[in-house]
Amino acid sequence: MKASKMLISTLKEAPNEAIIPSHILLLRAGMMKKLVAGVYNYLPLGLRVLNKIERIIREEMDKSGALEILSSAMQPKELWEESGRWKNYGPELIRFKDRHDRDFCLGPTHEEIFTDLVRTTVKSYKNLPLNIYQIQTKYRDEIRPRFGLMRAREFIMKDAYSFDVDEKGLEISYQNMYETYNRIFKRVGLKTRVVLADTGAIGGSASHQFMAISDVGESDIVYCEKCHYAADGEKAESVPTYHRYEEEFKEVEEVTTPNQKTIEEISSFLNVTPKDVVKTLIYVDMDNDELVAALIRGDRFINEIKLVNALGISEAFLRLATEEEINNISVNGFVGPVGLKVKLFVDEEVTMMKNFVVGANKKDAHLINVNYGKDFEGQVVDLRMVQENDECIRCHEPLKIERGIEVGQIFKLGTKYSNSMNCTYLSEEGKTEPMVMGCYGIGVTRTLSAVVEQYHDEHGIIWPKNIAPYHVVVIPIDYKNSEQQILADKIYEQLNNENYEVVLDDRNAKAGFKFKDWDLIGIPYALIVGRKASEGIVELKTRNGNLKEELSLEEALNKIKELLANVR
Ligand code: ATP
Ligand code: MG
């Protein structure tokens with residue numbers, strides 16, 4: 001491809017809204033362009049990368065025995081009602097009506113569609129196990145679309161669904177996908193960590209996430225260096241720790257605490273530590289239309305996913321109560337569990353505390369010397385976000401936390417969808433049994449941006465060669481110089497004829513300008529044709545800075561071929 005014919009649209013600066021490197025660089029390198037918030041057009045260079053990621057995914061999925069299909073983004077409401085998710089998915093689901101007033105949604109995921117497809121196609125155990133997948137566009141009306149392709153409203157996903165006769169079969173299918181995912185991310189070039197995950201709105205019994213390690217990731221990865229326990233922040237557990245265990249129980253007392261509302265204020269006012277105070281947070285369970293209270297030690301943060309799970313509702317149905325709602329049952333800033341007339345969810349650490357401080361449900365008042373079991377009771381659950389140095393749930397070593405980008409997730413669904421949607425098969429014994437399902441997603445466009453997060457420098461993107469839009473760029477310093485032109489053309493034609501993916505920068509522009517462009521775009525290898533063209537010498541440079549040498553034309557071509565020999 002000749003650069004003069006390409007739609008190269010590099011930018012000096014990215015728009016202000018782009019704050020993370022991948023978002024900035026994908027825009028600046030002209031890989032994509034924003035249409036509206038969370039929706040992008042992929043330009044030629046970006047699409048080439050996307051296609052290569054998809055090709056790797058396809059090859060590995062096909063090798064795993066999965067079958068590719070393609071289904072529509074347009075999904076009828078009836079199927080979502082069968083699974084119960086028309087209501088449970090909440091406002092992230094983009095819904096619309098056709099001209100006959102029939103309800104539809106734009107698929108955020110495809111469990112319903114694939115379950116329906118299989119229940120109407122597969123009848124017998126003889127056709128199982130089955131794993132079908134697609135690479136297709138998904139829609140989620142994310143509350144905060146941001147970070148470019150990371151959290152978009154339209155994005156490409158590879159989704160796969162497995163159907164087995166029993167749990168044992170599911171275990172094999174799940175393991176197969178686990179290994180396939182590891183192979184995919186390795187070929188793409190991503191450094192990932194696999195973690196235990198919450199099953200969320202998709203439902204099911206077990207799940208893992210594939211996290212690309214990155215400081216800009218939106219997920220916490222909690223891990224133990226000793227026993228290799230690793231879990232997503234929403235799922236991670238730690239050993240509850242107790243505080244002041246030796247003390248005797250004391251009697252509750254009310255104390256005046258004028259305007260002391262936050263944990264910091266109250267603990268310094270009463271001369272105790274945040275660990276001696278219990279926070280009482282009021283939430284609205286919108287599914288059951290009631291207020292609930294969550295109690296946690298003052299120095300801790302609540303994990304809302306754990307609360308959602310304790311309530312048995314979907315994430316979309318939980319929100320913090322407003323000040324007005326709180327004042328209907330207590331006094332905002334002074335809420336406490338003693339005498340509170342709502343369902344209490346109590347973090348297990350609170351039950352291990354002694355003589356602690358809580359709000360008195362009265363203005364400017366707190367209670368001291370409160371004890372769980374003696375002064376109030378509730379449902380005891382784990383509600384904590386794990387913090388660094390908490391004890392590992394498996395081996396008691398201090399836990400570490402790093403940030404990650406969730407690029408894939410796999411779920412053991414079991415019979416959740418096959419039961420609600422009646423997806424059954426006839427067993428060898430002639431009995432009707434529900435199929436046992438798994439589902440497996442990869443965020444294809446998110447993977448693309450995660451790669452940029454891991455592979456860039458201050459000048460631009462550094463594509464790993466397996467997914468680079470082109471492998472080699474030939475850059476004549478001055479294309480109008482006839483010696484340079486002849487040599488550059490020759491290299492270009494030779495590589496082109498041998499089916500290498502090569503660009504010739506034939507643009508009539510200053511060398512510095514061209515170098516800047518290619519550093520930004522991130523092609524792995526550059527062959528620079530300059531003053532020594534008359535001697536048949538070129539410079540070979542790798543974008544990652546590992547190599548920069550002057551070589552004869554033949555040496556340079558051989559070297560390039562060697563470097564590209566293992567691209568796949
Ligand atoms: P998240 O927790 O980041 O919202 P999710 O758990 O809801 O993601 P899944 O339902 O597991 O996502 O979807 C499978 C994959 O699709 C995810 O692992 C992620 O890589 C990708 N994905 C999900 N939501 C988005 C989005 N808004 N933009 C881009 N990719 C996404
Ligand atoms: Mg997920």
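When a ligand or atom number is given, it counts from 1 through the structure's own listing order.
Side chains of Tyr133 and Asp62: a donor-acceptor N/O pair is present below 3.5 angstrom, by distance only. Donor-acceptor pairing under 3.5 Å is lacking for the side chains of Gln136 and Ser71. Between Tyr125 and Asn127, the side chains place no donor N or O within less than 3.5 Å of an acceptor N or O (distance only, hydrogens not considered). Counting only N and O atoms by type, the side chains of Asn303 and Glu234 include no donor and acceptor under 3.5 Å apart.
The heavy atom nearest to atom 15 (C) of ligand 1, out of those in Ala212, Ala450, Gly148, Gly443, is found in Gly443. For atom 7 (O) of ligand 1, the nearest non-hydrogen atom from the set Glu315, Arg140, Glu218 comes from Arg140. Around atom 13 (O) of ligand 1, the closest heavy atom drawn from Met157, Met211, Arg151 belongs to Met157.
If you number the atoms of ligand 1 from 1 as listed, the ones under 4.0 Å from a heavy atom of Glu142 come out as 24 (N), 26 (C), 27 (N). The ligand atoms of ligand 1 that sit less than 4.0 angstrom from a heavy atom of Val407 are 18 (O), 20 (O). Listed by number with element, the atoms of ligand 1 under 4.0 angstrom from any heavy atom of Met150 are 26 (C), 28 (N), 29 (C), 30 (N). Ligand 1 places these atoms under 4.0 Å from at least one heavy atom of Gly408: 18 (O). For ligand 1 and Gln409, the ligand atoms under 4.0 Å from any heavy atom of the residue are 6 (O), 11 (O), 18 (O).
Under the ring pair (Phe, Tyr, Trp, His ring centres under 6.0 Å) rule, Trp80 has a single partner from Trp86, Tyr417, Phe104, Tyr89, which is Tyr89.
Considering backbone and side-chain N/O atoms, Phe155 never comes within less than 3.5 Å of an N/O atom of ligand 1. For Glu406, a nitrogen or oxygen atom sits less than 3.5 Å from a nitrogen or oxygen atom of ligand 1, counting backbone and side chain alike.
Legend: protein N/O/S atoms lying under 2.8 Å from the Mg ion (ligand 2), waters omitted, number 2.
Here Leu50 contributes atom CG and Met32 contributes atom CE; the two are 11.5 Å apart, rounded to the nearest 0.5 Å.
Ring geometry for Tyr178 against Phe210 counts as perpendicular: the plane angle is over 60°, on a 0 to 90° scale with 30° as the lower cut. Ring geometry for His208 versus Tyr174: interplanar angle of 30 to 60°, hence tilted.
Counting only residues at least two apart or on different chains, no salt bridge (Lys or Arg N to Asp or Glu O under 4.0 Å) pair has a member in residues 442-454. Applying the salt bridge (Lys or Arg N to Asp or Glu O under 4.0 Å) rule to pairs touching residues 297-310 yields Arg297-Asp299, Arg297-Glu349, Arg300-Glu349, Arg300-Asp390, Lys306-Asp382, sequence neighbours excluded.
Using 4.0 Å as the threshold, Thr445 has no heavy atom nearer than that to any atom of ligand 1.
Environment of NZ in Lys33: sparse, with no more than 12 heavy atoms of neighbouring residues, nucleotides or ligands closer than 6.0 Å.
Of the heavy atoms in Leu149, only backbone atoms (N, CA, C, O) come closer than 4.0 Å to ligand 1. Residue contacts with ligand 1, taken as heavy atom pairs separated by less than 4.0 Å, involve Arg446 solely via side-chain atoms from C-beta onward.
In terms of the side-chain contact (heavy atoms from CB on, under 4.5 Å) criterion, residue partners of Thr262 (sequence neighbours excluded) are, by chain and number, Glu264, Glu265.
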